[in-house]
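Read the structure below first, then the notes.
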Amino acid sequence: MKLLNIKHYLIVALFSFLSCGSSQGGEDVVIDDTIIPTNLSINITVVGTNSANPLGDGSGDVKLALSAKDAVRYKVKFGDGNEVESTSGNLDYTYTNSGTNKYTIEVIAFSKTDNFVSDFLQKEIYVSPGGLKLVWSDEFDTDGAPDPGKWTYDIGTGSNGWGNNESQYYTDRTENVTISNGTLKIKAKKENFSGANYTSARLKTQGLFDFTYGRVEIRAKLPSTGGTWPALWMLGSNINSVSWPACGEIDIMEHIGNDIGKVQSATHTPSSFGNTQNKGAINSNTTTTQFHIYELRWTEEKLEFLFDGELFYTYNPSVKNSNTWPFNKNQFLIMNVAIGGTLGGAIDTSFTEDVMEIDYVKVYK
């Protein structure tokens, strides 16, 4: 803690009094009435902080509780060029710089004589673009099966209408989906199971969580074998009543094991489905060896797709109606690894198993 004194002196002159027939000499006495605050305490809470979100909920909101003995006011320098004064020591502040930033927050406590003490703390704070707040997330920190309060499954081959001529049978077995060492693992395997030659898993939040507008961030590492077709995507929650493609589909990430250096994003609507026209792609040679962040920013106006923060595709039709923009209603999340099918293509003959790992899924609104 740094201690700085602003000295304030009161000089009292003591006059000499003469007694009868004699005299006494006197001296000036200096009395220091300086009051220096002590025991400065700084408590800073980043709103929304928990074990899953140690840097806050993305809003940038912080709450400060300050106290010091003999302090009558406080000055706070927030480390972003702004400062605020408070007499109570209780105040709120909102950081607005997007992304993750570390701030040095300095607090100065003043006494009634303007003497002061100061101290500082450093805080790392995450601010979501647009100041959105985290509303749903899964960090996959607990080993075992995924949280049944957050995820359910599609089971089978999709032969009843939701498949794409794929070769796998989707299960909810631990052999195909499990959490360990801080990541969710969706594993595709070559094995005979219920008439199929391969197994995998397809997780979804249907009936458990959906939303309209916001931001989705998924950190994942992808499989590399030819014929694998991992996807991170969304479907309209009204699919059972209006069917596909009227419900709308948002493909945040699709990757083809036979085109390992490219990831793509796409939208499916009544105006563009099947042989998809509305799509974009970005190249990377590390999607199967490193974790990357796949991101969707969804507003009333447009869909933006980003790879590690780099915008590479935007869907923003000039005319928005039920044919081009079914994206004004709730959608739910889906994560899966398909084998073969219309996009996966030829399956590598040496394939035995491969895995997509997901570090976290976060939704901001």
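Model, not experiment: these values are computed from the prediction.
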For Tyr169 together with Phe193, are the ring centres under 6.0 Å from each other?
yes
Asn50 side-chain N/O to Asn53 backbone N/O, donor-acceptor pair under 3.5 Å
yes
Could you check Thr324, Asn316, Asn323 and say which one makes a side chain to side chain donor-acceptor pair (under 3.5 Å) with Lys320?
Asn316
Side chains of Ser272 and Gln277: donor-acceptor distance under 3.5 Å anywhere?
no
Quick one: do Asn336 and Ile334 satisfy side chain to side chain contact (heavy atoms under 4.5 Å, CB included)? Show the steps, please.
CA-CA 7 Å; Asn336 69 288; Ile334 308 173; 4.3 Å; yes
Side chains of Thr171 and Asn176, donor plus acceptor under 3.5 Å
yes
Interatomic distance, Asp251 atom CG to Leu303 atom CG [nearest 0.5 angstrom]
11.0 Å
Any donor-acceptor pair under 3.5 Å linking the side-chain atoms of Ser111 with those of Thr113?
yes
Under 4.5 Å between any side-chain heavy atoms of Asp92 and Val62, yes or no?
no
Strictly below 4.0 Å, N to O, side chains only: are Glu191 and Arg173 in salt-bridge contact?
yes
Is a side-chain donor or acceptor of Asn330 paired with a backbone partner of Thr212 at a separation under 3.5 angstrom?
yes
Identify the two heavy atoms, one from Gly227 and one from Asn258, that lie closest to each other, and give their separation to 0.1 Å.
N-ND2, 3.2 Å
Tell me whether Phe120 at atom CZ has more than 12 heavy atoms from other residues, nucleotides or ligands lying less than 6.0 Å away.
no
Assigning hydrophobic clusters by single linkage (Ile, Leu, Val, Met, Phe, Trp, Tyr; side-chain heavy-atom cutoff under 4.5 Å), is Met356 placed with Val216?
yes
Go through the side-chain N and O atoms of Asp354 and Thr228 and say whether any donor and acceptor fall under 3.5 Å apart.
no
Test of understanding: clusters of I, L, V, M, F, W, Y form through side-chain heavy atoms closer than 4.5 Å, transitively. Do Leu222 and Ile256 belong to the same one?
no
Checking side-chain polar atoms at under 3.5 Å, does Thr287 have a donor or acceptor matched by the opposite partner on His292?
no
Could you tell me if the ring centre of Tyr294 sits under 6.0 Å from that of Phe307?
yes
Would Lys133 and Asp61 count as a side chain to side chain contact (heavy atoms under 4.5 Å, CB included) if you check the C-alpha gap in whole Å, the side-chain angles of each, and the deciding distance to 0.1 Å?
CA-CA 10 Å; Lys133 293 185 178 182; Asp61 294 338; 3.9 Å; yes
Rounded distance [0.5 Å steps], CH2 in Trp325 versus CG in Asn321
11.5 Å
Quick check: do Phe332 and Leu208 have side-chain heavy atoms less than 4.5 Å from each other?
no
Could you see if Leu343 belongs to whatever hydrophobic cluster contains Tyr198? Use Ile, Leu, Val, Met, Phe, Trp, Tyr and a side-chain cutoff under 4.5 Å.
no
Rounded to the nearest 0.5 Å, how far does OG of Ser67 lie from CG of Leu40?
7.0 Å
Donor + acceptor pair across side chains of Thr225, Asp348 (<3.5 Å):
no
Shortest non-hydrogen contact from Ala246 toward Pro326
O-CB, 3.4 Å
For the residue pair Glu254 / Trp229, report whether a side-chain donor-acceptor contact shorter than 3.5 Å exists.
yes
Does Lys365, at its NZ atom, have more than 12 non-hydrogen atoms belonging to other residues, nucleotides or ligands within less than 6.0 Å?
yes
Given the rule in the side chain to side chain contact (heavy atoms under 4.5 Å, CB included) test, do Lys204 and Arg202 qualify, once you have shown the distances and angles that lead to the verdict?
CA-CA 7 Å; Lys204 59 183 182 178; Arg202 174 160 142 163; 5.9 Å; no
Is there a chain of hydrophobic side chains (I, L, V, M, F, W, Y, each step under 4.5 Å between heavy atoms) that links Val72 to Leu66?
no
Closer than 3.5 angstrom, by distance alone: can the side chain of Asn164 be matched with the main-chain N or O of Glu166 as a donor-acceptor pair?
no
Would you say Glu310 has more than 12 foreign heavy atoms packed within less than 6.0 Å of its CD?
no
List the atom of Ile35, the atom of Lys112, and the distance in Å for their closest heavy-atom pair.
CD1-CE, 3.3 Å
With rounding to the nearest 0.5 angstrom, report the CG to CD distance, Asp259 to Gln264.
8.5 Å
Provide the closest heavy-atom pair for Ile282 versus Phe312 in the form atom of the first, atom of the second, distance.
CB-CG, 3.9 Å
Smallest separation among heavy atoms of Tyr74 and Ala68, with atom names:
OH-N, 3.1 Å
Is there a salt bridge (Lys or Arg N to Asp or Glu O under 4.0 Å) between Glu249 and Lys279 once you walk through the steps?
CA-CA 12 Å; Glu249 176 180 328; Lys279 61 184 178 180; over 6 Å; no
Determine, step by step, whether Ile125 and Thr100 satisfy the side chain to side chain contact (heavy atoms under 4.5 Å, CB included) criterion, reporting the C-alpha distance in whole Å, the side-chain angles of both residues, the deciding distance to 0.1 Å, and the verdict.
CA-CA 6 Å; Ile125 299 169; Thr100 299; over 6 Å; no
Could you go step by step and tell me if Glu295 and Arg215 meet the salt bridge (Lys or Arg N to Asp or Glu O under 4.0 Å) rule?
CA-CA 7 Å; Glu295 182 181 345; Arg215 178 173 165 264; 2.7 Å; yes
Among Trp136, Phe211, Tyr126, exactly one meets ring-ring contact (aromatic ring centres under 6.0 Å, His included) together with Tyr364. Which residue is that?
Tyr126
Within this structure, what is the CG-CG distance for the pair Leu64 and Leu121, rounded to the nearest 0.5 Å?
9.0 Å
Give a yes-or-no answer on whether the side chains of Thr199 and Gln168 include a donor-acceptor pair shorter than 3.5 Å.
no
NZ/Lys187: more than 12 non-hydrogen atoms of other groups inside 6.0 Å
no
Please report the closest heavy-atom contact between Thr267 and Thr276, naming both atoms and the distance.
O-CG2, 3.5 Å
Asp210 side chain to Ser237 side chain, donor-acceptor N/O pair below 3.5 angstrom:
yes
Taking NZ, NE, NH1 and NH2 as the nitrogens, is one of them in Arg219 or Asp308 under 4.0 Å from a carboxylate oxygen of the other?
no
How far does OG1 of Thr288 sit from CD of Glu357, to the nearest 0.5 angstrom?
11.5 Å
Is Thr205 reaching over with its side chain to a backbone N or O of Leu333, donor-acceptor style, under 3.5 angstrom?
yes
Side chains of Thr289 and Lys221 only: does a donor on one sit below 3.5 Å from an acceptor on the other?
no
Any donor and acceptor pair, going by atom type alone, linking the side chain of Ser284 with main-chain N or O of Thr286 inside 3.5 Å?
yes
Short question: side chain of His255, backbone of Ile260 - any donor-acceptor pair under 3.5 Å?
yes
Test of ring centre spacing under 6.0 Å for Tyr93 and Tyr95:
yes
Out of curiosity, does Val46 fall in the hydrophobic cluster containing Val107 (side-chain heavy atoms, cut-off under 4.5 Å, transitive links)?
yes
Going by heavy atoms in the side chains, are Val127 and Thr96 under 4.5 Å from each other?
no
Side chains of Phe327 and Tyr315: does their closest heavy-atom pair fall under 4.5 Å?
yes
Which of these passes side-chain contact (heavy atoms from CB on, under 4.5 Å) with Ile108: Glu83, Lys77, Glu85?
Lys77
